[in-house]
Amino acid sequence: QLSTSFYSKSCPNLFSTIKPVVQSAINKEKRMGASLVRLFFHDCFVNGCDGSVLLDDTSSFTGEKTALPNRNSARGFEVIDSIKSAVEKACPGVVSCADILAVAARDSTVILGGPTWNVKLGRRDARTASLSAANNGIPPPTSNLNQLISRFNALGLSTRDLVALTGSHTIGQARCTSFRARIYNETNIDNSFAQTRRSNCPRTNGTGDNNLAPLDLQTPTSFDNNYFKNLLNQKGLLHSDQQLFNGGSTDSIVRTYSNGQSTFFSDFVAGMIKMGDISPLTGSQGEIRKNCRRMN
Ligand code: HEM
Ligand SMILES: [Ca+2]
Ligand SMILES: [Ca+2]
């Protein structure tokens, strides 16, 4: 029921309104492109792509921002606010925050050198959010391959979608706390890579927890296939990353993507469109929020 032309009459300049805001945010800080892609993922994996991740906590409402995968980690909310105010000026009360996330993720991917696609639109915004669904629905970096596959399968995403979409880790950063156990305890990791990462991520829990390292050591601000080449060399940063190339069923997919960008790009696009189709609110369900941080 989503459609690429959903706003063609009601907000004909939607794309040209959103793109420059994303562009200027990325000009200020390249990492922001990664952060916006991740926000879309963290929305869609929790009760579908319904803008739930954007809702602020209040004294009487608990949203998803304090869930373990989001706290001290999810970012880009101010950029979504700027996009929303530009869009409200152009087309008041028409465009959902959930759709803004989908377009911002696409624009970010393109700006950082990745593939483009036509974004399906027509999602509406939730009047609910779920802390527990966020804690249970977004896979942690300690996941093994079977856990990753089953979580993606539960949402209608294939094993190939899992590998392609996780290729988003070609951009962006992770905190020490997300990869400490891997760089100190695991053996399927390149030795000098582990040494390098240890230098800015102390062994002791609680020290340097928020120190950052790039998910793709080669090109953390370019959307390319280097992430997969790193996996072949045992230079995946997260435990979950290296699970995709660790002697299991996804090794061949990682090899294919590392051999050439084009298969990765086309599978990534297909995966993003499928992920964007996860249980949207449509028709008269939900609402079009005026402010992405709170329900109307
Ligand atoms: C396969 C399961 C996945 C796991 C376990 C996982 C886990 C993580 C973790 C732990 C971080 C670092 C967070 C931090 O330390 O603050 C991260 C960052 C990131 N993830 Fe994933 N992720 C997965 C899949 C995905 C998918 C499917 C996408 C997008 C389609 C994605 C996009 C990103 C991006 C772009 C970043 C960097 C964000 C930034 O720099 O702000 N991830 N992920
Ligand atoms: Ca959601
Ligand atoms: Ca890269």
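Note that ligands are numbered from 1 as they come in the structure, with each ligand's atoms numbered from 1 the same way.
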Exercise. What are the atoms of ligand 1, with element, lying closer than 4.0 Å to any heavy atom of P140?
Worked result: 5 (C)
Exercise. Considering only heavy atoms of L165, which atoms of ligand 1 have at least one such atom less than 4.0 Å away?
Worked result: 26 (C), 27 (C), 28 (C), 29 (C), 30 (C)
Exercise. Is the distance between the ring centroids of F152 and F45 under 6.0 Å?
Worked result: yes
For this session: Consider only side-chain N and O atoms of N153 and S150, and report whether a donor and an acceptor are under 3.5 Å apart.
Result: no
For this session: Check ligand 1 against L148 and write out every atom of the ligand that is under 4.0 Å from a heavy-atom position of the residue.
Result: 1 (C), 2 (C)
For this session: Can you measure from CD (E88) to CG (D81) and round to the nearest 0.5 angstrom?
Result: 11.5 Å
Exercise. With respect to atom 14 (C) of ligand 1, which of A164, S73, P220, P69 exhibits the smallest heavy-atom separation?
Worked result: S73
Exercise. Do any of the N/O/S atoms of Y227, backbone or side chain, fall under 3.0 Å from the Ca ion (ligand 3)?
Worked result: no
For this session: Return yes if a side-chain donor-acceptor contact under 3.5 Å exists between Q173 and R31, otherwise no.
Result: no
Seminar exercise, completed: The atom of D216 among N, O or S that is nearest the Ca ion (ligand 3) is OD2
Problem set entry | Shortest-distance N, O or S atom of D224 relative to the Ca ion (ligand 3) | OD1
For this session: Please say whether R75 places an N or O atom under 3.5 Å from an N or O atom belonging to ligand 1.
Result: no
Exercise. Is the shortest heavy-atom distance from the side chain of D125 to the side chain of L281 under 4.5 Å?
Worked result: no
Exercise. Do N246 and N188 get their side chains close enough for a donor-acceptor pair, meaning under 3.5 Å?
Worked result: yes
Problem set entry | Straight-line distance of C44 SG to D277 CG, nearest 0.5 Å | 9.0 Å
Exercise. If we only count heavy atoms from C-beta on, is the R197 to P214 side-chain gap below 4.5 Å?
Worked result: yes
For this session: Could you name the option among S35, P139, G33 that has the heavy atom nearest to atom 5 (C) of ligand 1?
Result: P139
Exercise. Between S284 and R124, is any side-chain donor less than 3.5 angstrom from a side-chain acceptor?
Worked result: no
Exercise. Sub-3.5 Å donor-acceptor pair from the side chain of R106 to the main-chain atoms of N118, do we have one?
Worked result: no
Exercise. To the nearest 10°, how many degrees is the angle T219 OG1 to the Ca ion (ligand 3) to T170 O?
Worked result: 140°
Exercise. Does F223 have its ring centroid less than 6.0 Å away from the ring centroid of F268?
Worked result: yes
For this session: Anything protein N/O/S under 2.8 Å from atom 21 (Fe) of ligand 1? Just list residue and atom, please.
Result: H169 NE2
Exercise. When only distance counts, is S178 in polar contact with ligand 1, meaning an N/O pair under 3.5 Å?
Worked result: yes
For this session: Say whether S240, considering both its backbone and side-chain N or O atoms, lies within less than 3.5 Å of an N or O atom on ligand 1.
Result: no
Problem set entry | salt_bridge(R127, E287) N-O dist < 4.0 Å | yes
Exercise. Would you call L162 a ligand 1 contact, heavy-atom distance under 4.0 Å?
Worked result: yes
Problem set entry | Distance-only polar pair, side chains of N226 and T219, donor-acceptor under 3.5 Å | yes
For this session: Distance to 0.1 Å, residue and atom name: give those for the protein heavy atom nearest to atom 39 (C) of ligand 1.
Result: R31 NE, 3.4 Å
Problem set entry | 3.0 Å cut-off (strict), protein N, O or S atoms about the Ca ion (ligand 2) | 6
Exercise. Looking at T170, D267, N225, which hits side chain to side chain donor-acceptor pair (under 3.5 Å) with Y257?
Worked result: D267
For this session: May I ask you to check if any N/O/S atom from Q218 comes under 3.0 Å of the Ca ion (ligand 3)?
Result: no
Exercise. Does a sphere of radius 6.0 Å around CZ in R294 hold more than 12 heavy atoms from other residues, nucleotides or ligands, not counting ones at 6.0 Å or beyond?
Worked result: no
Exercise. How close does the nearest protein non-hydrogen atom get to atom 12 (C) of ligand 1, and which residue and atom is it?
Worked result: A174 CB, 3.5 Å
Problem set entry | Contact with ligand 1 for S143, non-hydrogen, under 4.0 angstrom | no
Problem set entry | For atom 35 (C) of ligand 1, the protein heavy atom that lies nearest, with its residue and separation | A34 O, 3.1 Å
Exercise. Looking at side-chain heavy atoms only, is the closest gap between F40 and C49 below 4.5 Å?
Worked result: yes
For this session: For the residue pair N230 and Q218, confirm or rule out a side-chain donor-acceptor distance under 3.5 Å.
Result: yes
Exercise. Cut-off 3.5 Å, side chains only: do T207 and D209 have a donor facing an acceptor?
Worked result: no
Problem set entry | Flag, side chain of S178 to backbone of A174, donor-acceptor distance under 3.5 Å | no
Seminar exercise, completed: With heavy atoms and a 4.0 Å threshold, my read on which part of I138 contacts ligand 1 is neither
